[in-house]
J.: 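Quick one: the structure is below, and I'll ask about it shortly.
One-based numbering, in listed order, for ligands and for the atoms of each.
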Amino acid sequence: MTIKELIAFGMDELSNTQNPRLDSELIIGYVLQKERLYLILNLEESIEENKEKKIKEYLSLRKSGTPIHYILKEREFMGMDFLVEKSVLIPRPDTEILVEELIKELKDSNLNEKKDILGIEIGPGSGIISISLLKEFSNLKIIACDINPSAIELTRKNSIRHGVKDRLDVREGSLFHKIEGNIKADFIVSNPPYIKKDVIKTLQIEIREHEPLDALDGGEDGLDFYRAIVRDGSNFLNKGGIMAFEIGYDQGEAVKTVMNGSGYEDISVYKDLAGLDRVVIGRKI
Ligand code: GLN
């Protein structure tokens, strides 16, 4: 088949999905290792049989609901391409708000002017938050803990890809279990699982059936991880240190309350581009 015929074939295959043309082109481009523009400029080029077979395999995965980024094994975040796998959540654009607000907060409080800054991330997944922060501050080191061994491996790979491996200490373990001694960080950041248990079954099918539910399930009221991170993490945070969370659209007040009762002040809720609560940042008293 030619590129043109394969695009038409893909659009037909994916007619039950949201972006049949875009996804077909992305899959063809991925297998051919070419940009989408190349495809459009070379519509009459014919594709080798083994590649055509691979393209059809991926189209059929997409047709049956596999998210496009698990097929392409990459997702852009903060202008960088990160490796993703089905063992971790696909990076969401909303999470950029958490990174941007935390960067602002570190600058506003002049913490970025310290000789060395130390951060802790709980649950890095593919490592997008830590790696984006490490790219921003060259005097920053982060310890990132994840209970999921494939997340640990992926975070490592992404840190190598983006040249920050030496400043990212990745540890396998739940919450702060792998952080010992008298470590005091300047900030703790997390995008923990925060979906209420019984809301999970109402999520879009693509999320519910393909993304790791462990990375979404925040317990009965969705707040389990905020309580645990505030409770266990406060020991590892300097006075004046920053606690920064991504939160669900209706959790601003609740997470603020968790922090308020546990020795935090200047707690602010930030909204995403849809005008919904998305980030909470507070400072340890
Ligand atoms: N924002 C994600 C979603 O809507 C949830 C992320 C999380 O639980 N940390 O699927």
J.: Once rounded to the nearest 0.5 Å, what's the spacing between atom CZ of Arg62 and atom CG of Leu14?
T.: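 With rounding to 0.5 Å, CZ (Arg62) is 7.0 Å from CG (Leu14).
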J.: Do Phe236 and Phe176 make the cut of ring centroids closer than 6.0 angstrom?
T.: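 Judged by ring-centre distance (under 6.0 Å), Phe236 and Phe176 do meet the cut-off.
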J.: Please determine, by modelled atom types, if Ser190 and Tyr226 share a side-chain donor-acceptor pair under 3.5 angstrom.
T.: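 Per modelled atom types, Ser190 and Tyr226 side chains form no pair under 3.5 Å.
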J.: If you measure every N/O of Pro192 against every N/O of ligand 1, is any gap under 3.5 Å?
T.: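 Right, the criterion is met.
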J.: Would Gly248 count as a contact of ligand 1 if the rule is a heavy atom under 4.0 Å away?
T.: no
J.: Need the ligand 1 atom indices (1-based, order shown) with element for anything under 4.0 Å from a heavy-atom of Pro193.
T.: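 Listed by number with element: 8 (O).
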J.: Is there any N or O on Tyr194 that sits under 3.5 Å from an N or O of ligand 1?
T.: yes
J.: Hydrogens and angles aside, do Tyr38 and Glu45 bring a side-chain donor and acceptor to less than 3.5 Å of each other?
T.: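 Present: a donor and an acceptor within the cut-off.
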J.: Starting from atom 10 (O) of ligand 1, what is the nearest protein heavy atom, named by residue and atom, and what distance separates them?
T.: Arg92 NH2, 2.8 Å
J.: With heavy-atom distances below 4.5 Å as the criterion, would you say the side chains of Leu102 and Ile242 are in contact?
T.: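 Heavy-atom side-chain distance check passes, below 4.5 Å.
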